[in-house]
Amino acid sequence: MSDELKPLFFGETNNTNDKIDDSKTSSSENENNLESVSPDNNDEELKPLFFNNDEERTESTEINEQEELRPLFGSSNQSTEEKNHHFSGSTLSDLPDDFVPIQRAEGVAEIKNKNSNFVFFFGTSASGKSVILSSMLYALRSRFGVIRPQVGTPNSRESMVLLSDFFENISRGILPERTTRDQVTRMDLVFEPNNKSKKVKPINLTFLETAGENHNEIRRGGQYHSSVSQYLKADIPITFLLVTGINSAHQEDSLLSEFLFLLENEGRNLRNINLILVISKWDLSGTQKPTSEDLDFFVKERLPMTYQFLETKGLPKTYYTIGQLDKNNQNKINSLNLDSAENLSKWLYKSIAGIKLDYEGSMIEQLKWSIGLK
């Protein structure tokens, strides 16, 4: 038991008839046995083992230290030139014609200039969305401060053209034209209040308005055009103005409810969202300003499903009118009334900035102003 352990050999040795006797074998004999299984040529390098005895290795297993490692390719039929050709963006044209790339998530990544407060108008065709937008902008500009295109935005020139058209036409009593289908009118603007208080700060506003035909696409579980849905799916601060005319509200209750459900499906928490229902064309009722009871009764009677949604989620509602229209030309305003535009603009600013647009200032600010300090 004091002898050293000897290696086991699973293959045949040169002396197959010799048996190893543990009690008689000396250390020198052990060395001879080890030499008997060593390669005949001591200078020859060890060869890798192959599991298939019939397979002959014809290629050299040496690795040239100067040669860079090449990527592996699935096809063994590729030429050496093809294997040495590194994949890069310049080789995309060499891909097979039947290659189909995976498309990115639709629209979400395409929204530019997210550093803004988005305002989305929802309403069917001829509901008054464009009229409300143009009159609100006119009220902000003529009553509450300066509104202008954001500098450096891709559509700054288009926004300036739209603003000029809106202001010129509405001051002449001309209503704006309807929006083109499958297109989103986007206006990236900056509003600077004329309030002297430092707490009433400028805000970025991005107004989004599209044709009423696009909103009809969501009926019965339908989907928006990608130009519209990208804004609903994106993670951006957004305010919703739901517009319906006083003469067509009873026909749009279901559509308004579907839109509210759609917002919830997109992950919008309606209890914490900036959203308001606007009953437009209130002048058709014969009055310019309803009482809160009249407005509540109208919505409850003509829009029962939407009314329950608003009440459950605690969402506000209001009316809208721009004055008296010409009886012979409904695109012409005889008497312009901006009261509704002012009220809705104030609500919009407070819902975004968290402070009243006509904030009177703190006591310290009022004291400074009284002695002529800024």
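Heads up: numbering here begins at 1 and tracks the sequence.
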Problem set entry | Distance-minimising heavy-atom pair for Val243 and Ser127 |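 So the minimum-distance heavy-atom pair works out to CG1-O, 3.5 Å.
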
Problem set entry | Contact summary for Gly323 and Asp283, nearest pair of heavy atoms |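 Reported closest heavy-atom pair: O-CG, 3.4 Å.
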
For this session: Decide whether Gln366 and Ser362 meet the rule of one side-chain donor and one side-chain acceptor closer than 3.5 Å.
Result: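 Side-chain D/A pair, Gln366 to Ser362: absent.
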
For this session: Answer yes if the side chains of Tyr320 and Ser135 hold a donor-acceptor pair under 3.5 Å, and no otherwise.
Result: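 Result is yes, a qualifying pair exists.
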
Please examine the side chains of [Y] and [X], heavy atoms only from C-beta on, and report whether any two atoms are closer than 4.5 Å.
X	Y	value
Thr244	Thr306	no
Leu348	Met136	yes
Phe144	Phe191	yes

For this session: May I ask you to check whether Phe207 and Phe118 place their ring centers less than 6.0 Å from one another?
Result: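 No; Phe118 has its ring centre 6.0 Å or more from that of Phe207.
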
Exercise. How far does OG1 of Thr291 sit from CZ of Phe297, to the nearest 0.5 angstrom?
Worked result: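 Answer for the OG1-CZ pair, Thr291 versus Phe297, is 11.0 Å.
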
For this session: Give a yes/no verdict on a cation-pi contact between Lys196 and Trp369, requiring under 6.0 Å between NZ or CZ and the six-membered ring centre and an angle within 45° of the axis.
Result: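 Yes, a cation-pi geometry holds between Lys196 and Trp369.
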
Exercise. For the hydrophobic clusters of this structure (ILVMFWY residues joined by side-chain heavy atoms under 4.5 Å, transitively), does one cluster hold both Phe261 and Leu277?
Worked result: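 Yes, because Phe261 and Leu277 connect within a single hydrophobic cluster, where side-chain heavy atoms sit under 4.5 Å apart.
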
For this session: Determine, for Arg148 against Glu192, whether the closest basic-nitrogen to carboxylate-oxygen distance falls under 4.0 angstrom.
Result: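 Answer for the salt bridge query: yes.
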
